[in-house]
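One structure is given here, and the rest of the page talks about it.
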Amino acid sequence: MAFPGTGKIWMNGKLVDWKDATVHIGTHALHYGSAVFEGARCYKTPRGSACFRLDEHMRRLQHSMKIYRMEYPLDSTGWRDAVLDTIRANEMRSCYIRPLVFRGYETLGVNPLAVPVNAAIMLWDWGTYLGQDALERGVDVKVATWSRMAPNTLPAMAKSAANYANSALIKMEAVTDGYAEGIALDVHGNVSEGSGQNLFLVRDGVIHTPPIGSSILGGITRDAVITIARDLGFPVVETVLPREILYVADEVFFVGTAVEVTPIRSVDKITVGNGLRGPVTEAIQRRFFDVINGEARDDHGWLTYVYPGEKHSPAPVDVAGTAAGRGR
Ligand SMILES: Cc1ncc(COP(=O)(O)O)c(C=O)c1O
């Protein structure tokens, strides 16, 4: 989706015009991938605009920075306020939120420690990542020939720009071969995750997802989906998953800020279950959308309302079982 090219971008504490949010060609991050970032969403709910799990996203950003020895003079409250200020300055009701922390302009030695750390927050409109149809009918995916990063090479727990070179290889291969997405295995040949989303499968009534040690990004949606699934009474296990379980699972689905909860209807041209969105996927998807749309009670405190003037009384009752309204 092309950028609108207007509005304000937060750069090192100042709101600047979109066209002025630029960096020098000698910026370290451009050459060496020395950047970490976040991807979060703000939703328009009937109770006002609300960011989904903003504090958890900013916590993960700080953890990514810590892994890469990056320091920036903002604490958790500072990060949250900077995001909220940027949304308000742009008068956005719903948006995708991209905080970025990067090594800037000083020298181009491989050692980044002497290079100053800069930060920016960019917002834009971003609808459903794989299309509205995908949410209902599911997507066709392939297992990538590229593996996820090996342990102790590039840290998968850090959401670093460098890791997205691997994601791009997985995604390019999938779309070039006519699939919507790729699933990467880890270097041991076990299921890891998609190019930019975590993976769940259902088999005999039990929900499975690869553990953090399978070279995945610890997704915030993944965590929410585990919580939702347990709230709905489904058993969930985090366990190492062999590739072939993808072919014999009853249901498989992706989760993430971009894809939200998206069913997978085939893997390597083998139909998953009966090829339709399965009942467990549908129940989790429905509850997820009800929460982010402010239609279900926010029992876990996942929503941060953006505009103080807006009415945001709690949703009245638990609405499990109602239709998944998008209502963005
Ligand atoms: C590689 C990768 N895995 C998983 C996810 C899902 O994480 P989250 O739910 O926090 O967006 C993302 C998206 O950020 C990702 O890029």
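Whatever order the structure lists ligands and atoms in, that order sets their numbers, starting from 1. Remember, predicted model here, so these are calculated numbers, not experimental data.
- Partner of R230 under the side-chain contact (heavy atoms from CB on, under 4.5 Å) criterion, chosen from I228, I226, T227: I226.
- Between K66 and E71 no salt bridge is recorded (no basic side-chain N to carboxylate O distance below 4.0 Å).
- Every atom of ligand 1 with a heavy atom of G219 under 4.0 Å away is listed here by number and element: 7 (O), 8 (P), 9 (O), 10 (O).
- Contacts between Q197 and ligand 1 below 4.0 angstrom, taking non-hydrogen atoms only, involve the backbone exclusively.
- Within the set Y164, F52, F254, the minimum heavy-atom distance to atom 16 (O) of ligand 1 is found for Y164.
- No heavy atom of E56 sits closer than 4.0 Å to any atom of ligand 1.
- Contact between E38 and ligand 1 is absent, with no heavy atom of the residue lying under 4.0 Å from the ligand.
- A salt bridge links R286 with E282; the closest basic N to acidic carboxylate O contact falls under 4.0 Å.
- At a threshold of 4.0 Å, the pair R265-E136 does not count as salt-bridged, since none of the basic side-chain nitrogens sits closer than that to a carboxylate oxygen.
- At a 4.0 Å heavy-atom cut-off, ligand 1 touches R148 through the side chain alone.
- R98 and E38 are not joined by a salt bridge, as no carboxylate oxygen comes within less than 4.0 angstrom of a charged side-chain nitrogen.
- Here's the thing with I220: one of its N/O atoms is less than 3.5 angstrom from an N/O atom of ligand 1.
- Electrostatic pairing of D140 and K269 does not count as a salt bridge here, judged by no charged N lying under 4.0 Å from a carboxylate O.
- Comment: D268 engages R243 in a salt bridge, judged by a side-chain N to carboxylate O separation of less than 4.0 angstrom.
- Residue S215 forms a side-chain contact (heavy atoms from CB on, under 4.5 Å) with just one option from P210, P151, P155, and that option is P151.
- Remark: of the listed residues N166, N163, N190, T153, N166 is the sole one forming a side-chain hydrogen bond (donor to acceptor under 3.5 Å, both in side chains) with R148.
- Of all atoms in ligand 1, numbered sequentially from 1 with element shown, those under 4.0 Å from a heavy atom of N198 are 4 (C), 6 (C).
- Residue contact check: E193 has heavy atoms under 4.0 Å from atoms 1 (C), 2 (C), 3 (N), 4 (C) of ligand 1.
- Close contacts of ligand 1 with S195, meaning ligand atoms under 4.0 Å from a residue heavy atom, involve 1 (C).
- Less than 4.0 angstrom separates some heavy atom of K159 from each of these atoms of ligand 1: 13 (C), 14 (O), 16 (O).
- G196 O, 3.3 Å is the protein heavy atom nearest to atom 12 (C) of ligand 1.
- T221 OG1, 2.6 Å is the protein heavy atom nearest to atom 9 (O) of ligand 1.
- When only interatomic distances are considered, the shortest N/O to N/O separation between T257 and ligand 1 falls below 3.5 Å.
- Between D85 and R88 there is a salt bridge, with a side-chain nitrogen of the basic residue lying less than 4.0 Å from a carboxylate oxygen of the acidic one.
- Note: no N/O pair closer than 3.5 Å links S167 and ligand 1 by distance alone.
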